[in-house]
Asks: 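Here it is, the structure, as structure tokens.
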Amino acid sequence: MEVVQERQASMKCNRVLGYFRGESPGPTLVVVGGMHGNEPSGVLALQTLLEELKGFEDRFSGELIALAGNLRALEEGKRFIDYDLNRMWKMASDMRSLGKIPDSYEAKEMHELHELICEISENRKGPLVFLDLHTTSSESSPFLLCGDTLRNRNFVASIPVPKILGLDEQLNGPLLSYVNAQGHISIVFEAGQHDSPNAHNNHLAFLRVMLVRVGCMEKGVLCSYELNLNHLEAECIPHLQHFFEVRYRYGVRTAEDFKMRPGYFNFREVEEKELLAQYRRFPVFAPLSGRIFLPLYQQQGEDGFFIIRRIPKRRIRRSSFLRRIGFQKILPLFPGIRRHPKYGNMLVVNPRSLRRWGPSLLYVLGYRQMSRSEGNLVFIKRPYDLKGPRFTDNLTK
């Protein structure tokens, strides 16, 4: 771990951290570390993994491409320089292409990453799986985030860490949402607190598990699959190894004006009306009970905290069943719901009708709230819910 800390102190790296191709065809695993410059653990874990893989070309199928995110922010140890690189991937109105990119230093970083991701997606021979490695400012056990598609959910269901759905709906422009909209399985893995000595080990264990889960390697080739899976399980509280959904976000304009009360950490239970923070000298209370998620304890960021709740297993099963039978096709028959006149994957919903039965049905069917339009709410169906953009996109594992 001393070696890791020495490397972390001088984090200077290239955009492409490394490339590893096996002798057999297979999936493409793309992993990005350091989207935030004060989160170098993912970059260090990728460098370690690439060293471990040397000599295993004959036991590897497909390819691993390791990328670094915000290069200058990594050098300076800052979350970002001008603009959060992980909030710039906003989609245009057609939800197929990128919208306007803010003028900032990070625009250069984003253009380079975007070109690489597009090139990789175009030239791949098999399914593409995308991983984004992060750490948190507060104390935390490992957890993962994914968009609410059946492909994502099935892919992560057996990973013994908390799994959070719906964060992409609360955030504006994360890389996860963009890659997911292109039809690829995309997962964010948070390995723990920024400075925790366990973060590097958690990232490394997760990457080893993913090599097997994706289908690049068989169990036991690089190291014990079960040992790494058990490591992740041991880092998490058993009753938290389920699916959760984001129910509330407290946004802030300037992190300097926001002061989270001490002692909060990911998944700690909070009660409605509990005093959580102070923003511009005004008290901030929890609007509902649940579990605190991503409390802000750093000087940069726009998210004060989130509140999440566990999703009952019966709702997960019901959601899968309804999507597979295509129940969403009859939604325009419901009062107050109609197809968007221009985009077939969007619904225009009257808020008064929505109050009768709430938005939960739309969420169950894979829709996310996108915007408001002339007093109505616009929901969009997450694309590639059941299948990827190519017939080769089904994973064998």
Asks: Report the distance from atom CG of L29 to atom CE of M210, rounding to the nearest 0.5 Å.
Replies: 8.5 Å
Asks: Would you call R253-D257 a salt bridge at under 4.0 Å N-O?
Replies: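 Looking at R253 and D257, the cut-off is not met.
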Asks: Whether the side chain of E51 engages the backbone of Q47 through a donor-acceptor N/O pair (distance < 3.5 Å, no angle test) should be reported.
Replies: no
Asks: Quick one: does any side-chain atom of Y297 pair with a main-chain N or O of R261 as donor and acceptor, under 3.5 Å?
Replies: yes
Asks: Examine distances only and state if a side-chain atom of R153 and a backbone atom of F243 form a donor-acceptor pair shorter than 3.5 Å.
Replies: no
Asks: Should L229 and L240 be regarded as members of a common hydrophobic cluster, given that ILVMFWY residues are connected when their side-chain heavy atoms come within less than 4.5 Å of each other, either directly or indirectly?
Replies: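 No, because L229 and L240 fall into different hydrophobic clusters, even though each may have its own neighbours under 4.5 Å.
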Asks: What orientation do F189 and F206 show, parallel under 30°, tilted 30 to 60°, or perpendicular over 60°?
Replies: parallel
Asks: Are F130 and V188 grouped together when hydrophobic residues (ILVMFWY) are joined by side-chain heavy atoms under 4.5 angstrom apart?
Replies: no
Asks: Can you confirm whether E122 is buried at CD, in the sense that more than 12 heavy atoms of other residues, nucleotides or ligands lie under 6.0 Å from that atom?
Replies: no
Asks: Is the backbone of F155 close enough, under 3.5 Å, to the side chain of R213 for a donor and an acceptor to pair up by distance?
Replies: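 Such a contact is found between R213 side chain and F155 backbone.
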Asks: Given the rule that I, L, V, M, F, W and Y join up when any side-chain heavy atoms are under 4.5 Å apart, are L167 and V364 in one cluster?
Replies: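 No; tracing contacts between hydrophobic side chains, which count when under 4.5 Å, never links both residues.
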Asks: Would you mind checking if D303 and R249 are paired as a salt bridge, meaning a charged N to carboxylate O distance below 4.0 Å?
Replies: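 Judged by the 4.0 Å cut-off on N to carboxylate O distance, R249 and D303 do form a salt bridge.
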Asks: Donor-acceptor pair, distance only, cut-off 3.5 Å: does the side chain of R268 make one with the backbone of G263?
Replies: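 Yes, the answer is positive, given that a donor and an acceptor are paired below the 3.5 Å cut-off.
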Asks: Run the salt-bridge test on R124 and E63 with the 4.0 Å N-O cut-off and return the result as yes or no.
Replies: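 Not counted as a salt bridge, because no side-chain N and carboxylate O are separated by less than 4.0 Å.
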Asks: Looking just at side-chain N and O atoms, do H36 and D84 make a donor-acceptor pair shorter than 3.5 Å?
Replies: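 Yes, side-chain donor-acceptor contact under 3.5 Å.
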Asks: Minimum heavy-atom separation for L50 and A66, please, with both atom names.
Replies: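 For L50 and A66, the tightest heavy-atom pair comes out as CD1-CB, 4.1 Å.
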Asks: Working to the nearest 0.5 Å, report the span between CE of M88 and CG of L113.
Replies: 10.5 Å
Asks: Please round to the nearest 0.5 Å and tell me the distance separating atom NE2 of H340 and atom CD1 of I380.
Replies: 9.5 Å
Asks: Please check this pair: side chain of R208 against backbone of L227, looking for a donor-acceptor N/O pair closer than 3.5 Å.
Replies: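 Here the side-chain-to-backbone pair does not exist.
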Asks: What closest approach, in Å, do S137 and Q193 show between heavy atoms, and which atom pair accounts for it?
Replies: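 The answer is O-NE2, 3.4 Å.
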Asks: Is a side-chain N or O of S24 found less than 3.5 angstrom from the main chain of S61, in a donor-acceptor match?
Replies: no
Asks: Consider only side-chain heavy atoms of I, L, V, M, F, W and Y, link residues closer than 4.5 Å, and tell whether F143 and L165 are in one cluster.
Replies: no
Asks: I need the L133 CG to H200 NE2 distance, nearest 0.5 Å.
Replies: 11.0 Å
Asks: Using side-chain hydrogen bond (donor to acceptor under 3.5 Å, both in side chains) as the criterion, point out the one residue from R315, R317, R323 that pairs with S319.
Replies: R323
Asks: Flag the pair F244 / F293 as yes when their ring centroid distance falls below 6.0 Å, and as no otherwise.
Replies: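 Between F293 and F244, which both carry aromatic rings, the centre distance is not below 6.0 Å.
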Asks: Checking H194 against Q298: is there a side-chain donor and acceptor pair closer than 3.5 Å?
Replies: yes
Asks: At their closest point, which heavy atom of N266 faces which heavy atom of L294, and how far apart are they?
Replies: OD1-N, 2.5 Å
Asks: Tell me whether H184 contacts the main-chain N or O of P127 through its side chain, where contact means a donor paired with an acceptor under 3.5 Å.
Replies: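 Not confirmed, H184 side chain does not pair with P127 backbone.
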Asks: For a quick check under 3.5 Å, do S104 and D82 share a side-chain donor-acceptor pair by atom type?
Replies: no
Asks: Mind checking the CD-CZ spacing from E272 to F285? Nearest 0.5 Å is all I need.
Replies: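 Between E272 CD and F285 CZ, I get 12.0 Å after rounding to 0.5 Å.
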Asks: Is L386 isolated, or which residues cluster with it under the ILVMFWY side-chain rule of less than 4.5 Å, directly or via members?
Replies: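 Members besides L386, by chain and number: L150.
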Asks: Can you tell me how far apart CD1 (I337) and CG (L362) are? Round to the nearest 0.5 Å.
Replies: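 Answer rounded to 0.5 Å: 5.5 Å.
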